[in-house]
Amino acid sequence: PICRDLALQAMGNVSRGGYSEEARSMFGVIMEEGSPLSCDGLIGLMHTLENDGNWKESVQVLDRFMASNFNGEGPKWRIVPNVVQLQKDSANDELASETEVNNVCEEMLASVMRVCNNEGHFGLAAVLCTVTDKLCHESNGCVNLTNGEDAVQGILASTLKSNSVFEAYTHSLYGLGCKRIAERLIKESDDADIEKIVSIPKRMRQNIPKAESWIQAAKSIENLLEAKNAIQVEHKDLCPESYFLFERGLSRAMEYCNDSNQPSAALYLFHNAARTLRNKKDQHLTDRFKSFLGMGKQTNQNPREEIFTDEAFDFSGIEFTDSILVAIINAYIKLGRPDQALSTYNDAISQLESPNLMRQSSNSILEVLLEIDVDQCVKSLDNRSSTPATFITIAKHLAANGVWHEIGEIYNHARRAGCVSEELGFIAMQAVNESELADGKIVVCRKIAEDVANTIGIDKDEWITSRYWEIKRYVGYHYARLLMNWNDPSTSKKSELVFAIKEMRSCSKQGTLTKNAPLMFIAQQGDLYSTDKKNASGKKSLSDRERRSVVNLILEACVEADRSNLLQKHTFTAHVARSLRKMNANKECIKIVRGLVAPFGKCHHQVAMEEAIYAATEERDYDSLELLLNKFEESG
């Protein structure tokens with residue numbers, strides 16, 4: 001035992017790694033024999049796993065340690081203060097005190113969080129910190145969840161005072177997009193080393209979620225863990241209503257983690273909830289969760305019990321909800337494990353009497369099946385378990401791969417199953433437009449429009465009019481205009497402009513926001529006309545009065561765009577600036593662009609600024625020219 005303990009400490013001090021397999025083997029022997037282990041030896045094991053980037057094993061060791069020493073699952077690990085105690089007879093072990101065990105727990109947690117952060121599992125690191133705190137210490141009262149940031153920041157107000165945990169947790173916040181909360185914590189801390197915290201590898205930065213995503217996840221996780229702790233101390237069996245509410249909260253928390261690109265956190269939440277509740281007597285809850293994890297009826301005392309298992313779940317003789325299964329499937333898909341997602345789904349469905357109850361899961365697994373074998377997926381479609389989302393998912397996959405000729409078959413299948421939807425109709429119209437059909441494309445598109453309109457309960461022409469801009473995005477202006485019966489090419493552009501103006505002014509009158517598409521169309525009007533009297537470009541020449549009307553129309557569109565924040569998009573302002581310049585409206589162009597330039601920070605309206613600089617030069621507006629040039633250089 002002494003040699004093994006010293007070896008674990010030594011291997012943990014080798015920063016280049018390479019000893020995790022040996023360390024795991026030694027640790028397995030120690031657990032099998034029930035031998036004691038020193039605090040330094042246990043920390044050495046964690047450092048060995050950390051140095052090799054073995055985040056899965058690190059999480060498993062911490063999870064088993066917490067379950068045995070703080071959650072009362074199985075015998076406690078025999079942790080001794082130091083290696084000297086191993087020289088004594090096992091009967092005379094002087095076990096580590098509660099304070100020493102807590103200190104070891106914090107060092108283990110910090111090591112696991114670091115390796116999770118280094119491997120991009122920032123959400124898992126944050127969840128482990130929260131779960132460990134709630135197991136190790138008395139509850140400090142419920143976190144005020146009216147402010148979502150409190151759920152993210154509240155964990156560090158607890159008794160976890162280790163600097164290494166603080167640095168790892170704040171590093172996790174940076175990786176979760178919660179930079180402002182992390183910087184607030186750092187500012188409140190006297191000992192934080194910011195250089196250690198904010199070092200996030202470039203390969204992970206592109207996957208950093210929005211802060212709001214993880215804030216919502218943190219709120220759901222906090223609620224879930226509070227509910228789990230309440231259930232754990234409750235001696236009565238759970239009623240079906242309580243089980244339903246808990247399961248719904250679990251699935252919601254898991255989906256929030258998936259939405260934040262933290263699937264490993266979702267899987268750990270499921271594992272933690274199931275393990276905590278497995279001793280409850282309620283068969284609808286306990287056995288269901290135990291079977292879901294493949295635990296059967298006996299407790300697995302193996303210290304290397306898999307959390308992120310590659311083995312299929314055991315669903316025999318149980319009932320479970322669609323929301324839980326779809327969350328697990330989505331987590332495996334996001335982890336790049338479609339094979340495990342498919343295996344989990346197949347095992348679940350094979351033991352169900354009515355697979356059509358799992359419609360969400362069926363749609364989620366479609367993404368995996370489509371990547372494996374599209375033809376087999378289409379052939380195996382079952383109308384009983386199909387939803388409109390089923391056919392939309394298949395049609396999107398076929399469209400993304402340019403397999404337009406098969407989308408018609410999918411659309412007809414959806415008609416027979418009563419699953420026609422607007423989105424499927426748009427994709428079907430796009431397939432018609434992309435097909436090699438020589439004649440009759442517009443007839444087919446009108447038939448699709450009629451099918452979709454019937455599902456909504458409105459007239460076909462009314463549906464085409466209300467969805468014109470969406471139809472145009474899918475099939476292009478030519479067929480979109482034909483569907484509107486603007487058949488004359490010489491007047492169709494004018495008809496579309498009048499249609500866009502009416503929609504813009506109608507929305508303005510009603511106080512609603514105008515869609516981006518009509519405003520973008522109006523902003524492009526300068527490209528359609530010419531103010532050159534020689535008309536060398538072949539475009540229609542405008543009189544001064546007509547030119548002024550076009551300019552006023554573009555300015556009116558800018559006012560409406562400002563209400564919906566479309567004016568802040570550089571693609572829109574580029575069209576506006578170009579059109580105004582072509583209409584010789586230099587002063588209006590300068591005024592619009594100057595309104596976009598903030599006193600501080602970069603300006604991303606590069607094209608608009610370039611046009612405004614040329615306009616200011618022609619107008620000899622030197623004040624505007626200097627302002628725009630300085631901002632242009634400042635913006636890079």
Side-chain angles (χ1 to χ4, degrees), residues 123-124 127 209 213-214 216-217 220-221 223-224 243-274 277 284-285 288-289 291-294 307-316 318-372 377 380-397 419 421 423:
L124 178 58
V127 168
S213 299
W214 184 253
Q216 292 298 323
S220 295
I221 292 168
N223 285 330
L224 175 68
Y243 170 70
F244 172 76
L245 290 174
F246 180 80
E247 188 177 62
R248 188 172 66 176
L250 175 59
S251 62
R252 181 184 293 118
M254 292 175 69
E255 282 301 344
Y256 275 133
C257 289
N258 287 334
D259 292 341
S260 301
N261 294 324
Q262 303 301 316
S264 56
L267 292 176
Y268 182 81
L269 277 178
F270 175 81
H271 167 83
N272 182 265
L277 297 173
H284 292 289
L285 182 64
R288 208 162 147 189
F289 273 106
S291 299
F292 207 95
L293 282 174
I307 296 176
F308 304 98
T309 178
D310 291 338
E311 297 179 0
F313 291 130
D314 180 12
F315 296 109
S316 56
I318 64 168
E319 297 178 1
F320 53 96
T321 64
D322 196 12
S323 57
I324 292 288
L325 181 57
V326 74
I328 293 174
I329 289 172
N330 289 339
Y332 276 124
I333 292 173
K334 285 181 174 290
L335 278 173
R337 291 299 311 275
D339 55 335
Q340 186 63 31
L342 184 58
S343 174
T344 301
Y345 174 78
N346 287 336
D347 278 350
I349 296 300
S350 65
Q351 301 181 46
L352 280 178
E353 295 181 1
S354 180
N356 60 335
L357 297 176
M358 294 294 167
R359 292 188 172 184
Q360 290 184 7
S361 305
S362 299
N363 291 334
S364 294
I365 207 65
L366 265 179
E367 299 178 18
V368 178
L369 295 172
L370 288 169
E371 293 294 336
I372 297 173
C377 180
S380 62
L381 281 177
D382 184 354
N383 291 349
R384 294 175 301 172
S385 60
S386 297
T387 66
T390 305
F391 296 97
I392 290 172
T393 301
I394 298 174
K396 281 183 174 180
H397 179 84
C419 293
S421 62
E423 190 170 3

Testing the basics here: between [X] and [Y], what is the closest heavy-atom pair and its distance to 0.1 Å?
{"X": "A217", "Y": "C257", "value": "CB-N, 4.3 Å"}
{"X": "S251", "Y": "A327", "value": "O-CB, 4.5 Å"}
{"X": "I329", "Y": "A341", "value": "O-CB, 3.9 Å"}

From [atom1] ([X]) to [atom2] ([Y]), nearest 0.5 Å:
{"X": "E255", "Y": "Q216", "atom1": "CD", "atom2": "CD", "answer": "14.0 Å"}
{"X": "L335", "Y": "N330", "atom1": "CG", "atom2": "CG", "answer": "11.0 Å"}
{"X": "R248", "Y": "S220", "atom1": "CZ", "atom2": "OG", "answer": "11.5 Å"}
{"X": "M254", "Y": "I221", "atom1": "CE", "atom2": "CD1", "answer": "11.0 Å"}
{"X": "L250", "Y": "N223", "atom1": "CG", "atom2": "CG", "answer": "12.5 Å"}
{"X": "T393", "Y": "E423", "atom1": "OG1", "atom2": "CD", "answer": "8.5 Å"}

For K396, does the NZ atom have more than 12 heavy-atom neighbours from other residues, nucleotides or ligands under 6.0 Å away?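 No.
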Heavy-atom check, side chain of C419 versus side chain of T390, under 4.5 Å: no
Which residues pass the side-chain contact (heavy atoms from CB on, under 4.5 Å) test with A331, sequence neighbours left out? N258, P263, A266, L267
